[in-house]
Colleague: 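Got a structure for you, written out below as structure tokens; questions coming shortly.
Just so it is clear, the structure is predicted and the values come from calculations on it, not from any experiment.
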Amino acid sequence: MNEGQMHPDRAAASSSRFPVLVDTALRGAGWQPGRWDIKQAEVWADTLREHTSPAGHTHAVFPAAVEAWAEFGGLRISPTGPGRQVAPALLHLDPLHGLHLARTLGDLGRALGTELCPLGAETDTGALLAIDTEGRVYALDHTGDWYVGPDIDRALTALVTGITPARLTAG
């Protein structure tokens, strides 16, 4: 399916999937229920798979990442409002923000017992967003590694509404 076409399983998705503030921010960025640009998602998947760092590190690419890119990839989300606990994040959901971080994502994935793939970035802070094989979302920045949410919907809700993520700690 091309951009603008509906994913068959999501065509009937209701607008109550997200809180109003999140739905408004997503729609303002060009998202709509059923958005499914698998062609662009496959381009990103191929680009990540083909990239090898100078030290030989490669990206893991898996269905949870490709599905998140197909629905939300390319969006530039600019939430409004003060945020509940922290400022809402300005987001660019483009996995190529993490192209040169294969080792970093591989190391964190091993520590978490999973694999991670880039999802996008918080453009205001420079944090990299990553997704694991189960669809859980993380943020990595200069201050540490963070758990944002158990799935893309709740992660976007947390980021757009300014909910403080949980810091990942050893042990």
Side-chain angles (χ1 to χ4, degrees), residues 1-5 7-10 22 25-26 29-31 34-78 89-160 163 165-171:
M1 286 183 189
N2 294 327
E3 183 173 6
Q5 291 183 314
H7 182 277
D9 296 334
R10 295 190 168 98
V22 178
L26 289 171
W31 175 86
R35 180 181 189 268
W36 196 254
D37 189 355
I38 195 65
K39 186 175 181 179
Q40 179 59 55
E42 289 172 351
V43 168
W44 283 320
D46 291 344
T47 301
L48 289 169
R49 281 188 193 105
E50 293 167 4
H51 179 78
T52 303
S53 75
H57 301 282
T58 59
H59 284 281
V61 176
F62 39 81
V66 175
E67 291 171 10
W69 304 333
E71 184 171 8
F72 299 104
L75 297 181
R76 291 181 181 271
I77 304 166
S78 300
L90 299 176
L91 305 171
H92 184 211
L93 299 179
D94 181 334
L96 298 187
H97 283 288
L99 181 65
H100 298 288
L101 296 172
R103 179 180 179 183
T104 300
L105 293 174
D107 289 349
L108 180 57
R110 277 187 294 285
L112 295 170
T114 188
E115 293 180 308
L116 292 175
C117 191
L119 181 60
E122 292 183 29
T123 57
D124 51 342
T125 67
L128 177 69
L129 299 175
I131 190 166
D132 74 6
T133 58
E134 301 298 317
R136 296 173 291 224
V137 176
Y138 304 87
L140 297 73
D141 67 16
H142 67 284
T143 65
D145 304 322
W146 307 88
Y147 176 72
V148 182
D151 55 49
I152 187 74
D153 288 11
R154 287 184 272 188
L156 288 173
T157 297
L159 291 163
V160 168
I163 295 171
R167 184 188 268 296
L168 298 175
T169 57

Colleague: Between OG1 of Thr114 and CG of Leu105, what distance do you get to the nearest 0.5 Å?
Modeller: 11.5 Å
Colleague: Given side-chain contact (heavy atoms from CB on, under 4.5 Å), test Val160 with Leu26 step by step and report yes or no.
Modeller: CA-CA 9 Å; Val160 168; Leu26 289 171; 5.6 Å; no
Colleague: What distance do His142 atom NE2 and Leu140 atom CG have between them, rounded to the nearest 0.5 Å?
Modeller: 12.5 Å
Colleague: Heavy-atom distance under 4.5 Å between the side chains of Glu67 and Trp36, does that happen here?
Modeller: yes
Colleague: So, taking the atom named CG in Asp141 and the one named OG1 in Thr125, what distance separates them when rounded to the nearest 0.5 Å?
Modeller: 6.0 Å
Colleague: Can you find a heavy atom in the side chain of Leu112 that is under 4.5 Å from one in the side chain of Arg136?
Modeller: no
Colleague: Looking at Leu99, is its backbone amide N or carbonyl O close enough to the side chain of His59 to form a donor-acceptor pair, meaning the two atoms are under 3.5 Å apart?
Modeller: yes
Colleague: Check whether any side-chain heavy atom of Leu48 lies under 4.5 Å from a side-chain heavy atom of Leu96, and answer yes or no.
Modeller: yes
Colleague: Less than 4.5 Å apart, side chain to side chain, heavy atoms only: is that true for Arg167 and Thr143?
Modeller: yes
Colleague: Is it the case that the side chains of Tyr138 and Asp132 hold a donor-acceptor pair, with the cut-off being a distance below 3.5 Å and no angle test?
Modeller: yes
Colleague: Backbone N or O of His92 within a donor-acceptor pair of the Arg76 side chain at under 3.5 Å?
Modeller: no
Colleague: Evaluate the side-chain proximity of Pro118 to Leu101: yes if any heavy-atom separation is below 4.5 Å, no if none is.
Modeller: no
Colleague: Between Arg35 and Leu75, is there a side-chain heavy-atom distance shorter than 4.5 Å?
Modeller: yes
Colleague: So do the side chains of Leu128 and Thr104 get within less than 4.5 Å of each other, counting heavy atoms only?
Modeller: no
Colleague: If you look at every heavy atom in Ser78 and Leu90, which pair is closest and at what distance?
Modeller: CA-CD2, 3.7 Å
Colleague: Side chains of Trp31 and Leu156: closer than 4.5 Å at any heavy-atom pair?
Modeller: no
